[in-house]
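Treat the numbers as computed from the prediction; the structure is a model and nothing was measured. Below, all heavy atoms of this structure are taken into account, side chains as well, without hydrogens, waters or symmetry copies. Numbering of ligands and ligand atoms starts at 1, following listing order.
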Amino acid sequence: MEMDKLVSLCKRRGFLFQSSEIYGGLNGFWDYGPLGVELKRNIKEAWWRDMVTGHDDIEAPPGAPEAYEMCGLDCTIIMHPQVWKVSGHYDLFVDKMVDCTESKKRYRYDQVPGRWVEAKGQKVFVTTLAEANHEQEIEARALKFFNLRAKDAADLGWQGGLVSLAKIDPAEYVKVLAPDAKALGTLTAPRDFNLMFKTIVGALGTEEDAAFLRPETAQGIFVNFKNVLDSSRVRVPFGIAQMGKSFRNEITPRNFTFRSREFEQMEIEFFCHPNSSLQWYQYWRDRRFRWYTEMGLSSERLQLREHHADELSHYSRGTADIEYAFPFLPAGEYGELEGVAHRGDFDLRSHMEGKLDPNSKPDLKVELGEDGKPKWKGSGKDLTYRDDITNERYLPHVIEPSAGADRATLAFLCEAYLEDQAPVEKGEMQTRVVMKLHPRIAPIKAAVFPLVKKDGMPEVAQKIYRELKKRWNVFYDEKGAVGRRYRRQDEAGTPFCITVDGQSLQDQTVTIRDRDTLKQWRVKVEEVTAELAERLK
Ligand code: GAP
């Protein structure tokens, strides 16, 4: 599937628009149109239902060490600034960026791939930002730089394969051809760039009132851990789920909604006893992977990737990414949909004692300032848990399955897009665009059509529409040829179309058409709701 076809369908049919488009858009911000908002809401609702409200607190699900409870939370986007100092985001949530003095563009240096090449006695590191066909793009740029023609490609002496600019010593930047530059050596040395958006709380507006838009929903859960324990009857092991907006001032937002500056996360912090934490980590990793396949992502495009020890964050004892082969990535590359991390007691301890020093691995000590006191003080509140059966008091370990609602939506859109052949009115075959979305997440569950706008058909169709509307998002359409109406619903991903025709007026039956198989069958009008309920399960 070519990405530009999906992007154009998303705009044409109202799944996704560029934010503030009439003013030229704002890079890294996206709006969901009438179909997109339903799709994303359905994905979030499916996650909440499957992880929280539909979860059986009494019996251990397959693969879980024991039964566990789940509850939800909805906390504010702006929190006490100390939260981010203690969590490490204030000091460490940075990307390295480089600026190009020629193009005036800014890049995240680990996202600029390039290759060393030598020609005419000069050695140059040629870079590109092209997502697909990196190698071809780099060759084309190298030929242009050395003033060579395509037939002279053999004169280029390549040294090594593709590497990220992050691996190049800044002292060698004089030999780097930046992605949008014509001259060499236009990049500045890498600098830290904090991804948190800063804002001012209150009328005084001084730096002391600075606060941050949350870059993740997770910290809201940790700082409410005690509140949840004290106000409900949950016992460890249990999980708290939260979904909502997060903000990151990404240096290079791109790939449609994949890397945005404002996005939604769906996160669970699961609290368990340290002794069983590895088993819980494995359980969540597998459970969350399965969820995507249950919702329709094909397992060939999905992979579970365990991080190597040197990739792990300073607090993590195990992390796995659930990744999807997005079509905008080069063949064989995957993009992260969700991370499942074993975070040990890092977060609860930090909020109790103060920011922990990442260099004091493995036992992690509170980071001290020049005065010998904690650099960023914790809350001082006791966040330990006492097991009222065994009387043991301990700091629970945390397993964190952290998903992105927008990335999941994008993956489901990519997976659903299909062009196939379907017959038009006179039986001849034509290419149709169909979004094969899982019925649970499809924006519209069914469309109801009168075959023609007369002979009492609209009245029957409207009655069915109103009946179905009590339970589902259903669409009524009486305009144009019925074949065209089917095609519009195929593009919207509507799984079923119900048509009232001449026969309906005689025997009170209607046809139901299946979006994927194109099969049509007749059902009694009074049985349409039950038939749909069965098929939309
Ligand atoms: N609390 C852990 C955490 O936030 P993360 O890997 O930084 O971990 C989790 O983010 C998920 O949030 C990612 O797997 C992705 O789905 C989503 N996400 C992160 N940054 C994003 C961005 N800039 N745009 C869209 N989604 C993003």
Side-chain angles (χ1 to χ4, degrees), residues 16 19 26-32 40 43-44 47 73 75 77 79 83-84 87-89 92-95 108 110-111 193-197 212-223 239-270 281 284-285 288-289 291-292 297 302-305 307 311-316 318-324 326 328-329 334-344 346-348 350-351 398-414:
L16 275 157
S19 161
L26 187 60
N27 199 7
F29 295 88
W30 296 92
D31 295 339
Y32 287 81
K40 189 169 152 189
I43 292 169
K44 290 190 294 178
W47 180 83
L73 183 77
C75 78
I77 285 171
M79 294 191 272
V83 170
W84 306 110
S87 70
H89 286 82
L92 302 171
F93 196 50
V94 291
D95 277 337
R108 221 176 101 170
D110 57 347
Q111 286 175 356
F193 176 77
N194 195 298
L195 298 186
M196 284 198 295
F197 280 101
F212 304 93
L213 305 191
R214 68 178 176 204
E216 59 169 27
T217 57
Q219 295 304 320
I221 300 180
F222 297 126
V223 300
I240 307 179
Q242 165 157 242
M243 57 189 176
K245 292 268 182 173
S246 291
F247 301 81
R248 296 183 189 178
N249 197 0
E250 299 282 357
I251 299 170
T252 42
R254 59 182 153 150
N255 288 332
F256 210 12
T257 57
F258 182 81
R259 184 168 294 108
S260 308
R261 287 178 166 142
E262 175 175 340
F263 54 96
E264 272 187 272
Q265 287 186 308
M266 309 186 289
E267 299 200 287
I268 295 171
E269 304 303 327
F270 187 80
Y281 163 67
W284 277 107
R285 193 193 56 189
R288 290 301 307 147
F289 183 85
W291 187 79
Y292 290 99
L297 288 193
L302 203 61
Q303 75 170 16
L304 188 67
R305 189 179 66 81
H307 285 206
E311 260 185 288
L312 295 177
S313 317
H314 52 274
Y315 48 76
S316 183
T319 298
D321 285 343
I322 300 169
E323 302 179 324
Y324 182 72
F326 285 97
F328 47 77
L329 296 172
Y334 289 75
E336 179 186 325
L337 271 183
E338 170 162 351
V340 183
H342 184 315
R343 299 175 66 99
F346 176 79
D347 306 276
L348 290 179
S350 307
H351 286 299
V398 167
I399 311 300
E400 177 191 73
S402 170
D406 306 85
R407 282 208 190 156
T409 306
L410 184 58
F412 287 120
L413 281 168
C414 293

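For the pair Arg285 and Phe289, the cation does not sit on the ring face, since its NZ or CZ is not both under 6.0 Å from the ring centre and inside 45° of the axis.
The shortest heavy-atom distance from Asp406 to ligand 1 is not under 4.0 Å.
Counting heavy atoms from C-beta on, the side chains of Leu337 and Leu297 come closer than 4.5 Å. A 4.5 Å side-chain heavy-atom check between Leu16 and Leu413 finds at least one atom pair inside the cut-off. Counting heavy atoms from C-beta outward, Trp284 and His342 have side chains that stay 4.5 Å or more apart. You'll find the side chain of Gln265 stays beyond 4.5 Å of the side chain of Arg214, heavy atoms only.
Nearest heavy atom pair, residue Glu267 against residue Ala218, reads OE1-N, 2.6 Å. Across Glu269 and Arg343, no two heavy atoms sit closer than the pair OE1-CD, 4.3 Å. Scanning both residues, Phe197 and Arg261, for their nearest heavy atoms gives CE1-O, 3.7 Å.
Atom 18 (N) of ligand 1 has its closest protein heavy atom at Phe263 CE1, 3.5 Å. The closest protein non-hydrogen atom to atom 25 (C) of ligand 1 is Phe258 O, 3.2 Å. Of the protein's non-hydrogen atoms, the one nearest atom 11 (C) of ligand 1 is Ser402 O, 3.7 Å. Nearest protein heavy-atom neighbour of atom 13 (C) of ligand 1: Glu336 OE2, 3.3 Å. Protein heavy atom in closest approach to atom 19 (C) of ligand 1: Arg248 NH1, 3.5 Å. Among protein heavy atoms, atom 15 (C) of ligand 1 sits closest to Arg407 NH1, 3.5 Å.
The Leu337 neighbourhood of ligand 1 comprises atoms 14 (O), 16 (O), with distances under 4.0 Å to a heavy atom of that residue. Residue contact check: Gly404 has heavy atoms under 4.0 Å from atoms 16 (O), 17 (C) of ligand 1. Each of the following atoms of ligand 1 lies closer than 4.0 Å to a heavy atom of Glu400: 1 (N), 2 (C). Against a heavy-atom cut-off of under 4.0 Å, Glu267 is close to the following atoms of ligand 1: 1 (N), 2 (C), 3 (C), 4 (O). Residue-ligand proximity, Ala218 to ligand 1, at heavy-atom distances under 4.0 Å covers atoms 1 (N). Atom numbering of ligand 1 starts at 1 in the shown order; those under 4.0 Å from a heavy atom of Ser260 are 22 (C), 23 (N), 24 (N), 25 (C).
Between Tyr324 and Phe326, the ring-plane angle classifies as perpendicular under the 30° and 60° cut-offs.
In Gln265, the part holding a heavy atom less than 4.0 Å from any atom of ligand 1 is the side chain. When non-hydrogen atoms are compared, ligand 1 lies under 4.0 Å from neither the backbone nor the side chain of Arg261.
Aromatic ring centroids of Phe256 and Phe258 lie 6.0 Å or more apart.
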